[in-house]
Amino acid sequence: MVNFDHLYSDRASKMRKSEIRELLKVAQDPEVISFAGGLPNPQSFPIQDLKVIVQTVLNNHGKVALQYGTTQGVNELRDEIAERCHKEGMTMGASAENIMITGGSQQALDAIGKVFLNPGDIAIVGLPSYLGGINAFRSYEANLIGVPLDEGGIKLDLLEEKLKDLVKQGMPVKFIYTVPTFSNPAGTVMPESQRKKLIDIAHEYNLVIIEDDPYSKLRYDTSSIKPIKAFDDEGRVIYLSTFSKILAPGFRLAWVIAAEEVMRKLALSKQAQDLCTAPFSQYVAHEFIKSGSMDLHIMRICEMYKPKRDIMMNSMKKYFPEGYICNKPNGGMFAWVTLPEQIDTEVMFLDAIKEKVAYVHGKAFCVDGGGASSMRLNFSYSTNEQIDIGMKRLGAVIERKMSVLCR
Ligand SMILES: Cc1ncc(COP(=O)(O)O)c(C=O)c1O
């Protein structure tokens, strides 16, 4: 057997396993009801629509769709996305030249890490934050500093304090990474006033905002909110969104919007990664939008997920012992639950698995080692019946833990 250890780069040696991927392995037991993954419901996949669309793409665009494409992506798709962005209020800096189609938002996060981060550079993330973002930035050896969230997203007073402090210490920050709308994992939405203030703060400290927005279309109660990018007249915000939650993650299709200068760097980075995103997928996604299927599909997904969210919240009330905190998420796919501080959800995970229910423990999302008594629950993947049964199992696990630890 070859020992490769001395051959790896320093960077590879520091890469960490994704805790979620490891957990998903355990949660794959068919008897386990898993609230752990971030998976869309497979019943929502628009398979019938896609059968027709794929045929249309092959008939109308077969020769280009099956060829290599340009790095930034298929023009028709970028034009369509640009038009939609304008309708959402992104009137500055969201034209086709500023848009690149990527192999999922995860690829864009990696490219951002590659383009902006030297080893040791500081980036700010929320406490808690999306694990895939944390892992992407860590793989470039970033020094990630967390700022707590409340129900309105990242706490801006604490952010300002932190930035001031870091400037004093001569430690400038490169960017702030945020999921401001139905965040993963916390389910929170940053109000418009905070979005504007965040732009002002970024201007004052001359840093970039990475706005990661996979969930804004999955809205169950509230009216839509403009993205942070809509308030950006300087090109400071790099905006990411994805087809993973509004079409299917198997397409591995997303888009990034950035100022032209940044876009040139991101495109160079992508060229080295994969030359281009699969043109065939891009043509299918374009036809999916153009035919009107996507808007209908988003409505259908919301109709499917809203009752799931409600069942989860009701089951929580029914089965969880008093003492937990969970704000009802108005959209997205996740509920964030905090239990009394005596409970460590990472330790409790083993009990949960024995009872055939899974979640992701809060520490996985917190770069400061906090979040120990919290957990993320996904409500999009399981059937309605499974959600109720799974929550009952989880409630019993929590009750037992609390009876021992919180007497
Ligand atoms: C906040 C956030 N960003 C990025 C991603 C990755 O999305 P994609 O499937 O487009 O790579 C996810 C997936 O769950 C996510 O929740």
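- Within a 6.0 Å radius of NZ in Lys290, no more than 12 heavy atoms belonging to other residues, nucleotides or ligands are found.
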Which donor-acceptor pairs under 3.5 Å do the side chains of residues 42-52 make with protein atoms, sequence neighbours left out?
| from | atom 1 | to | atom 2 | distance (Å) |
| --- | --- | --- | --- | --- |
| Ser44 | OG | Asn41 | O | 2.6 |

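- Taking the side chain to side chain contact (heavy atoms under 4.5 Å, CB included) definition, one finds that Val189 meets it with Phe182, Arg195, Ile225, sequence neighbours left out.
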Return all side-chain donor-acceptor pairs below 3.5 angstrom for residues 249-272, not counting sequence neighbours, or 'none' if the list is empty.
| from | atom 1 | to | atom 2 | distance (Å) |
| --- | --- | --- | --- | --- |
| Arg252 | NH1 | Ser244 | OG | 3.4 |
| Arg252 | NH1 | Pro249 | O | 3.2 |
| Lys270 | NZ | Gln107 | OE1 | 3.0 |
| Lys270 | NZ | Asp274 | OD1 | 3.0 |
| Lys270 | NZ | Asp274 | OD2 | 3.0 |
| Lys270 | NZ | Thr277 | OG1 | 2.7 |
| Gln271 | NE2 | Thr71 | OG1 | 3.3 |

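- In this structure the side chain of His286 never reaches within 4.5 angstrom of the side chain of Val74, judged on heavy atoms.
- Atom OH of Tyr381 sits in a sparse spot, with 12 or fewer heavy atoms from other residues, nucleotides or ligands closer than 6.0 Å.
- Contact check on Arg393 versus Glu355 returns no salt bridge, with no Lys/Arg side-chain nitrogen under 4.0 Å from an Asp/Glu carboxylate oxygen.
- By the 6.0 Å contact criterion, NZ on Lys114 is enclosed, its count of non-hydrogen atoms from other residues, nucleotides or ligands being greater than 12.
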What side-chain donor-acceptor pairs closer than 3.5 Å can you find for residues 156-166, not counting sequence neighbours?
| from | atom 1 | to | atom 2 | distance (Å) |
| --- | --- | --- | --- | --- |
| Glu160 | OE1 | Lys197 | NZ | 3.4 |
| Asp165 | OD2 | Gln169 | NE2 | 3.4 |

Please tabulate, for the side chains in residues 322-332, all donor-acceptor contacts under 3.5 angstrom to protein atoms that are two or more places apart in sequence or on a different chain.
none

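- With sequence neighbours excluded, the residues forming a ring pair (Phe, Tyr, Trp, His ring centres under 6.0 Å) with Phe334 are Tyr215, listed by chain and number.
- The ring pair (Phe, Tyr, Trp, His ring centres under 6.0 Å) search around Phe116 returns none, not counting sequence neighbours.
- For Met294, the side chain to side chain contact (heavy atoms under 4.5 Å, CB included) test picks out Arg84, Phe243, Ile246, Phe288, Ile289, Ile298, with sequence neighbours left out.
- For Tyr283, the ring pair (Phe, Tyr, Trp, His ring centres under 6.0 Å) test picks out His61, with sequence neighbours left out.
- Using modelled atom types and a 3.5 Å distance limit, the side chains of Gln273 and Asp110 yield a donor-acceptor pair.
- Between Val367 and Arg138 there is a side-chain heavy-atom pair separated by less than 4.5 Å.
- Among residues two or more places apart in sequence or in another chain, the salt bridge (charged side-chain N to carboxylate O under 4.0 Å, His left out) test is passed with Glu234 by Arg236.
- Contacts of Glu192 classified as salt bridge (charged side-chain N to carboxylate O under 4.0 Å, His left out), with partners at least two apart in sequence or in another chain: Lys196.
- Counting non-hydrogen atoms of other residues, nucleotides and ligands closer than 6.0 Å to NE2 of His203 gives a total of 12 or fewer.
- Sorted by first and then second residue, the ring pair (Phe, Tyr, Trp, His ring centres under 6.0 Å) pairs with a member in residues 129-173 read Phe137-Phe175, Phe137-Tyr177; sequence neighbours excluded.
- Donor-acceptor pairing under 3.5 Å is recorded for the side chains of Arg376 and Asn184.
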